[in-house]
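Proteins get letters first, then strands, A, B, ... in listed order; numbering begins at 1 in each. These numbers come from the heavy atoms of this one structure, side chains and all, not from hydrogens, waters or symmetry mates.
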There are 2 protein chains.
Amino acid sequence: MLYVYTCNLHQHLKVMGLEEEIKQKEFKNKQQRAFLNLIFTAGHLSLAQTRFFKPYHLSAQQYNVLRILRGQNGNPVTIGLIQERMLDIQSNASRLIDKLEEKNLVIRIVCPKDKRQMDITITNDGLEILKELDDKLDSNESGIILTDEESDILNDLLNKIREKK
Amino acid sequence: MLYVYTCNLHQHLKVMGLEEEIKQKEFKNKQQRAFLNLIFTAGHLSLAQTRFFKPYHLSAQQYNVLRILRGQNGNPVTIGLIQERMLDIQSNASRLIDKLEEKNLVIRIVCPKDKRQMDITITNDGLEILKELDDKLDSNESGIILTDEESDILNDLLNKIREKK
DNA sequence: CTATTTTATATGTATATACATGTAATTAAT
DNA sequence: ATTAATTACATGTATATACATATAAAATAG
């Protein structure tokens, strides 16, 4: 018999939370467990980020683009470079810039030396939003409450994971 | 003057890859650096996952649902429980089950004891796909090449991050 | 026992994402 | 110099996601 009616069983299962769950069986090895934990935790933090930026009508990716632009100190940056430097790879820099342009946070002009390229620059409005966010986005809000040492270890492990590929 | 035409500068910027980039300035502190690295790395791995599952016409989330169902050894599970146990929180279990049902990987029936609930069960087709994937999804494919010890450390750090909230 | 509240799931909507394809400008080839 | 190949960016499409709202069943209140 393929399926049994055991609604009452659900009560029992609900008792163990996600934290218990992730620590548990169904993992081939420690590597897979860490991997799934990574995806899971990043999902959590990513959601927290989304909600954090929402009042500013920004997505996390849009914020990242603004940060990249600010990092250039007024020098224009191409779509391609933004694409390369963005935290989420292979996303659509073009459309992200659309959104930021609509909000007057960036300016997009055709690069005169190569008309295929677009030169993107952050506006004063963009800089102001970043300034506001700088104050709010301290380590507490970012959701990481590790010591400096732990942060370094985590950072190194993540680098090791990425560099493999 | 707000924007300068410096297309040539891009060449220079492109030289440093993402790996260099993430290690660098623009971070308030080690915590924020680790946080952004986490989002970034998880994005990488998540993309790798997406591509890994694509030939099977599954998303990573759909795979996770199937794993949860298999874990119940044939006992049905409600939408709500799936929602709770899924690795990506707050996603739409209802629509995930839609997709899996279309592919005949799960069966959805109204729970007779509580007609609001749906009892979801994995089918033999679903179990077979999982079996195929089990073989492919070894630690190598999952993108983590840490030692056991490192995996444990990473796991602990991630738990610490999540538990804070 | 009827009305209200709560719960479980489904659906609508706006935005995001992955990926394929399109288009125009530049570079390379002959 | 003209054609072909490459590059930079934009757009179309299918799917995913966050969140608000809807619907129907069950629990609770009076």
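With rounding to whole Å, H57(A) atom NE2 is found 13 Å from dA16(C) atom P. For the pair Q61(A) CD and dA18(C) C1', the computed distance is 12 Å after rounding to whole Å. What separates CD of E102(B) from C1' of dA10(C) is a distance of 15 Å, to the nearest Å. Rounded to a whole Å, the CZ atom of R95(A) is 10 Å from the C1' atom of dA18(C). Per the geometry, CE belonging to M118(A) stands 10 Å off P belonging to dT11(D), to the nearest Å. One atom, NZ of K113(A), and another, P of dA8(D), lie 16 Å apart when rounded to the nearest Å. Computed from coordinates, the N92(A) CG to dA14(D) P distance equals 16 Å when rounded to whole Å. The nearest whole Å value for the distance from the CG atom in N64(A) to the P atom in dT17(C) is 10 Å.
Look at Q83(B) and you won't find any side-chain N or O under 4.0 angstrom from OP1 or OP2 of dA8(C). Dashed line: the shortest gap from a side-chain N or O of R51(A) to OP1 or OP2 of dT17(D) is not under 4.0 Å. An OP1 or OP2 oxygen of dA16(C) is reached within less than 4.0 angstrom by a side-chain nitrogen or oxygen of Q62(A).
Taking for each of T50(A) and D98(A) the nucleotide of DNA chain D with the nearest heavy atom, the 5'-most of the two is the partner of D98(A). Position along DNA chain C of the nearest nucleotide to L58(A) versus K54(B) favours L58(A) as the more 5'-ward residue. Looking at which nucleotide of DNA chain C each of L96(A) and R116(A) is closest to, the 5′-most match is held by L96(A).
Between D152(B) and K30(A) there is a salt bridge, since a side-chain N of the basic residue sits under 4.0 Å from a carboxylate O of the acidic one. Looking at R33(A) and D148(B), no side-chain N of the basic residue comes within less than 4.0 Å of a carboxylate O on the acidic one, giving no salt bridge. One finds no salt bridge joining K113(A) and D119(A) here, because no Lys/Arg side-chain nitrogen approaches an Asp/Glu carboxylate oxygen to under 4.0 Å.
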Indicate every side-chain donor-acceptor pair of residues 125-132 of chain A with a distance under 3.5 Å to a residue at least two apart or in another chain.
none

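Exactly one residue among T123(B), V106(B), I107(B), I120(B) makes a side chain to side chain contact (heavy atoms under 4.5 Å, CB included) with E101(B). That residue is V106(B).
Here the nucleotide nearest the side chain of K115(B), chosen from dA26(D), dA25(C), dA18(D), is dA26(D).
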